Protein chains: 2
Amino acid sequence: MWFTIDFESEEAYYSQLCNQVILGIAMEQYKEGDTLPSVRQMAEMIGINMHTVNKAYSILKQEGYLKVDNRRGAVVSLDVDKLRAMQELQKSLSVLLAKCHCKNITRDEVHALIDEIYDNYGGED
Amino acid sequence: MWFTIDFESEEAYYSQLCNQVILGIAMEQYKEGDTLPSVRQMAEMIGINMHTVNKAYSILKQEGYLKVDNRRGAVVSLDVDKLRAMQELQKSLSVLLAKCHCKNITRDEVHALIDEIYDNYGGED
DNA sequence: CAATTGTGATAGTTCCATTATAACAGAGGT
DNA sequence: ACCTCTGTTATAATGGAACTATCACAATTG
């Protein structure tokens, strides 16, 4: 996986990194038990400060994507709290779909786009 | 429509207000040509500063939900740039659906949730 | 003229994001 | 034991965003 930070983006560096890790897990380039680069390695690799990487890893840990094993570093470990995830999904979608409706994007177009994106992630779900 | 600010939320006040206006338009409680409360009225009504309301209105204007008519105030005026809206939708969904996949939320569950939410907005779309 | 509209300038406060430097405990390799 | 690497914490400094406050101005309506 190739991690890169868009230094021109308005999105915070730690947020960009979080999202890329989640994308990597969803696309199964990182699987349960795999280790991510250490905070120092990752920091030097993508050109940001160690603490910014640490902040991203801390958030990912809290949200149930990683666990930390001293010496091994950050290990992909999925803690599935489906109920909470569904609640957050509903909240995000309510605003997102409101915008779609205002912009004349039909329900079917949203469904089609979702199928298209979901095909990039693991096989059968 | 009842506008309220959650002062305990991490979300910025201007962002909360933007989303509520968009929700109001999507649910057709505000229609093309309707006027929103003036920046001063709205500010006093929901208990925040005039300039924070102005910031929200400016963003909504730039994103094509309002136009500003001196003396009348903020008028709902939908400028549909569907191509841009689709691009932003795809970007938002790619991260959102990655999280769903990691949390074992199936494609069908996402489709069902979308139908449920979309039913709250205008009729036939 | 009076009142209200959006808008702009300026200033102050608070908080977040980011960087920098330093230090510490825990674990593996030699 | 010693060295090295891990995450983690503390502290400080900087820049910028969010929010508030006050004053002011051009434009429009009654």
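Letters A, B, ... are given to chains in the order of the sequence lines, protein chains preceding strands, and every chain is numbered from 1. Nothing here was measured: the structure is a model prediction, and the numbers come from that model.
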Using whole Å, what does the distance between atom P of nucleotide dA21(D) and atom CG of Asn54(B) come to? 16 Å
I'd like the 5' and 3' limits of the part of DNA chain C contacted by chain B, with heavy-atom contacts below 4.0 Å. dA3(C) to dA9(C)
Looking at Lys82(B), I'd like to know if its NZ atom is crowded, meaning that more than 12 non-hydrogen atoms belonging to other residues, nucleotides or ligands lie closer than 6.0 Å. yes
Taking salt bridge (charged side-chain N to carboxylate O under 4.0 Å, His left out) as the cut-off, I'd like each qualifying pair that reaches into residues 32-49 of chain A, sequence neighbours left out, listed once. none
Under 4.5 Å side-chain linkage, directly or through intermediates, the cluster mates of Tyr14(B): Ile59(B)
Rounded off to whole Å, could you give me the CD-to-P distance for the Glu44(B) and dT20(D) pair? 14 Å
Residue pair Ala74(B)/Ile48(A) against DNA chain C: nearer the 5' end by closest nucleotide is Ala74(B)
Does Leu83(B) sit in a hydrophobic cluster with other residues, and if so which ones, taking ILVMFWY side chains as linked at heavy-atom separations under 4.5 Å, directly or through other members? none
Just wondering, more than 12 heavy atoms not from Glu11(B) lying within 6.0 Å of its CD? yes
Whether Ser38(A) contacts dT6(D) is assessed here as follows: a side-chain N or O lying under 4.0 Å from the phosphate OP1 or OP2. Is that the case? yes
Does a sphere of radius 6.0 Å around NZ in Lys67(B) hold more than 12 heavy atoms from other residues, nucleotides or ligands, not counting ones at 6.0 Å or beyond? no
Any carboxylate oxygen within less than 4.0 angstrom of a Lys/Arg side-chain nitrogen, looking at Lys61(B) and Asp79(B)? no
Output the single nucleotide from dT20(D), dT6(D), dA24(D) whose closest atom is nearest the side chain of Gln41(A). dT6(D)
With under 30° as parallel and over 60° as perpendicular, where do the rings of His111(B) and His111(A) fit, or are they tilted in between? tilted
Using 30° and 60° as the class boundaries, would you call the ring planes of His101(B) and Tyr118(A) parallel, tilted or perpendicular? perpendicular
Pull out every residue in residues 9-17 of chain B that has a heavy atom closer than 4.0 Å to any atom of DNA chain D, ordered by number, or say none. Ala12(B), Tyr13(B), Tyr14(B)
Could you run down the sub-3.5 Å N/O contacts of the protein with nucleotides 10-13 of chain D?
from, atom 1, to, atom 2, distance (Å)
dA10(D), N6, His51(A), NE2, 2.8

Rounded to whole Å, the CG-P distance (Asp69(A) to dT6(D)) equals 13 Å
Interatomic distance, Ile5(A) atom CD1 to Gln16(A) atom CD [nearest 0.5 angstrom]: 5.0 Å
If you round to the nearest 0.5 Å, how far is CD1 of Ile25(B) from CG of Leu36(B)? 7.0 Å
So what does Arg40(B) touch, heavy atoms closer than 4.0 Å: a base, only the sugar-phosphate, or nothing? base
Heavy atoms only, 4.0 Å cut-off, all strands: where does Lys61(B) land among base, sugar-phosphate and nothing? sugar-phosphate
